[in-house]
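What follows is a single structure, written as C-alpha cells, with notes after it.
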Protein chains: 2
Amino acid sequence: MGAPSFEPVSIMLTATLPLPTIDRPRRVLPPVRAARDTARCSACAMRHLCMPQGVGTDDMPKLEALICTARTIRRGEALYRSGDPFDSLYAVRSGSMKTSMAHRDGREQVTGLRIAGEPLGLDGISEGVHVCSAVALEDSSVCIVPYAELKRLCREIGSMQERLHKLLGEQIVRESAQMMVLGSLSADERVAAFLLDVSERNAQRGYSSNEFNLRMTREDMGSYLGMTLETVSRTLSRFQKRGLIDTQGKFIRIVDFEGLRKL
Amino acid sequence: MGAPSFEPVSIMLTATLPLPTIDRPRRVLPPVRAARDTARCSACAMRHLCMPQGVGTDDMPKLEALICTARTIRRGEALYRSGDPFDSLYAVRSGSMKTSMAHRDGREQVTGLRIAGEPLGLDGISEGVHVCSAVALEDSSVCIVPYAELKRLCREIGSMQERLHKLLGEQIVRESAQMMVLGSLSADERVAAFLLDVSERNAQRGYSSNEFNLRMTREDMGSYLGMTLETVSRTLSRFQKRGLIDTQGKFIRIVDFEGLRKL
DNA sequence: CGCCCGATTGATAACGCTCAAGGCAAGTGG
DNA sequence: CCACTTGCCTTGAGCGTTATCAATCGGGCG
C-alpha cells in the first residue's frame, strides 16, 4: 500500500482498475504531508479510466461536475467518527484506513480495512449519521464525494446509478463473507483467509499480490478476525515456520498461496 | 411471526410501519398454501402506508406501476440459491426466512434472518448473481420487485431512490453489527443480543416484542451466532433458569429485558 | 402408533484467551 | 550520539470457555 494514488471519480465509478504496480515497501514510506488539500479533483485520469457500463461522452461534463475535493489524514487520525453527521462518501486515494464500531461497554470491533482505491463511508447512508469510525492506518488521503450531488447524478445517468448500487452491493457481500470468516473458521483459517483477501485486493488495485505492508497492528487484525493479538502473532509465526509466508512486523510476503488456501 | 402480512411496495418503500399486533403463536400456525400466487400485488395498503419522504400523489400511478408479484415458498424450500441469476429484490410478506452462504468445503454460515416486512435479495446486486441462499423457515410468502423496474423508478422519483439507498445502507449496518457480535461477544452475550435484536425487529414490524416463535433450529442459530447448537441450547436453558426468558422449543418469551441487556 | 428430526444434557478435551515477561525498533531529549 | 521512553510484537505457562462426542428425550408428522 504505497505508491499509486487514485482519482476520486474514477475510484467511485470504476469497477476495477488495474494500474501499473510498484510495491516493495520494505521500509517506511514517505508520509504524505499537506494539511488539507481542498484542490478540486477534476476530470484528471477519469477520461482514461473509463466508466464501465458506457457513460456516453455526452455525460462527461456532468461527471466532471461532481464536486470532489481531497483531504489528507494523518496516521491515527479519524476521517469520521461514529455519530458524525453523514454527507459524503469517500474513496481512499493513497494509504489505508480501518473502520471500526464500538459496543456500548467500550469494546471495539474493527469492521474493515480499506486500501487505496476502495470506497469508504457507506455506513452513514442509512441513518444520515456515521455508525462506524474510519481511522487512518498511515498518513493517507481520500477523495470526498458529496452524497447529495452523487444522488442527483445517479438519477441523471443510469450507469452512475448502476455503479453506486454495485458499490453498496459489494460492501454487503464483503461483510457477509466476513461473517462467514468470523462464524465458521478456525483461527488459522481466519488469518489465512485475511491474508489472501488482502492479497487479492492488492492485486485488483494494481499492487503486488504477494508482498505488502499491512499497516494494521496485531491488535487491529485480532479485532477484525475475532481473536486476540497474541493468537494472531502466534499464528503468523507458525505460518512462517511452515514456509507459508515471510513476515517481519508489518511487512508480509506470501510464499505459498496454495498452502494458505488449503488450510 | 405469524398473522399480519405486508404488501410489497409498502414494504420496500416504507421505513417502518407499526401495524396492529396479534401474536401469540403458542402452537403451529396454519401453513400458507397456494402453489404459486402470481396475482399482481396492486397498490393495496400502499396508499395508506405512506411513502415516508414525501412522494407526491402525482407519483402514485408510477409507484403502482411497479410490477410486483407474490410467491409462496414452503418451509425448507429456497427462494433463491447461491449462484442463481439475480433480477429481483424481495420482501417477506408472511413467514420468515434465513439467508446463508457456503464455504467451498461445504460448511454453511447463516448470514441472516428475515421476518415479515424485511427485504431480501440485496446480495445479488453487486454481481448480478446471488451470493447467498434464501430458505424459508416456515411456509412463507414474498413479494417480488423486479430490480430493473425499481431502478428505473428510482431515477424518476427521488424519494424512491432515497428509500432504496436506505435499504442497502441498513443492510450494511446490520451486517457490521453482526460482525461485532461474532467478533467481540461471548456466547451468552451473543445469544442475548440475538434475542433482543429479534424482539426489536418484531416490535418494529408490529409484532409482539416479548414473545415470538423463532423458527430457526438451534443449529441455524448456532451458525448465525458462530457457536454450536449445543452451546445455544445450554445458553437458552441457563437463561431460563436465571429467569431471563421462558422457552419451550421454538417459542420464546423474554421475561427480563434489562437482564439480557446487562449481560 | 411409531418414527425421526430436533432439542437437551452430560462428560471430556481442545482451542484460544489471559496474564506475564522480554525484545526490538523508532522517536525523543539531554 | 546515546540513554531513555514508548509502542508493538513475540513467546511462554496455565486456565477457561466452548467444541466434541454421546446418550436420551420429546414432539410432530406420516
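Note: hydrogens, waters and symmetry copies are ignored here, and every other heavy atom, side chains too, is used. Keep in mind it's a predicted model, so treat the numbers as computed, not measured. Protein chains get the first letters and strands the later ones, always in sequence-line order, with residue 1 at the start of each.
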Please report, rounded to the nearest Å, how far the P atom of dA19(D) is from the CG atom of Asp188(B). 12 Å

May I have the distance from Arg238(A) (atom CZ) to dT10(D) (atom P), rounded to whole angstrom? 13 Å

Specify the separation, in whole Å, of atom CZ of Phe251(A) and atom P of dT10(D). 14 Å

Going by atom types alone, do Gln171(B) and Arg174(B) pair a side-chain donor with an acceptor below 3.5 Å? yes

Could you work out which one of dC8(D), dT8(C), dA13(D) sits closest to the side chain of Arg234(A)? dA13(D)

What integer distance in Å separates Arg190(B):CZ from dT17(D):C1'? 11 Å

Separation of dT9(C) P from Leu236(B) CG (nearest whole Å): 10 Å

Round to a whole Å and report the spacing from CG of Asn213(A) to P of dC9(D). 12 Å

Which of residues 217-232 of chain A sit near DNA chain C, with a heavy atom under 4.0 Å from it? Gly226(A), Met227(A), Thr228(A), Glu230(A), Thr231(A)

In whole angstrom, give the distance that lies between atom CZ of Arg215(B) and atom C1' of dC5(C). 16 Å

Is any side-chain heavy atom of Phe239(B) less than 4.5 Å from a side-chain heavy atom of Thr247(B)? no

Just so I know, are the side chains of Asn213(B) and Glu138(B) near enough to count as touching, which here means a heavy-atom distance under 4.5 Å? no

Take atom CD1 of Ile252(A) and atom C1' of dC9(D), then tell me their distance rounded to the nearest Å. 13 Å

5'-most contact on DNA chain C (nearest-nucleotide basis), Arg75(B) vs Lys241(B), goes to Arg75(B)

Does a side-chain N or O of Ser237(A) approach OP1 or OP2 of dT11(D) to a distance below 4.0 Å, or not? yes

Mark yes when over 12 heavy atoms from residues, nucleotides or ligands other than Arg81(A) sit less than 6.0 Å from its CZ; otherwise mark no. no

The side chain of Lys250(A) is closest to which nucleotide in this list: dT8(C), dC9(D), dG6(C)? dC9(D)

Answer whether the closest heavy-atom distance between the side chains of Asp246(A) and Gln240(A) falls below 4.5 Å. yes

side-chain contact (heavy atoms from CB on, under 4.5 Å) between Leu137(B) and Asp220(B), worked out: CA-CA 10 Å; Leu137(B) 295 170; Asp220(B) 287 335; 3.9 Å; yes

Can a side-chain donor-acceptor contact be found between Glu189(B) and Ser186(B) if the only test is distance below 3.5 angstrom? yes

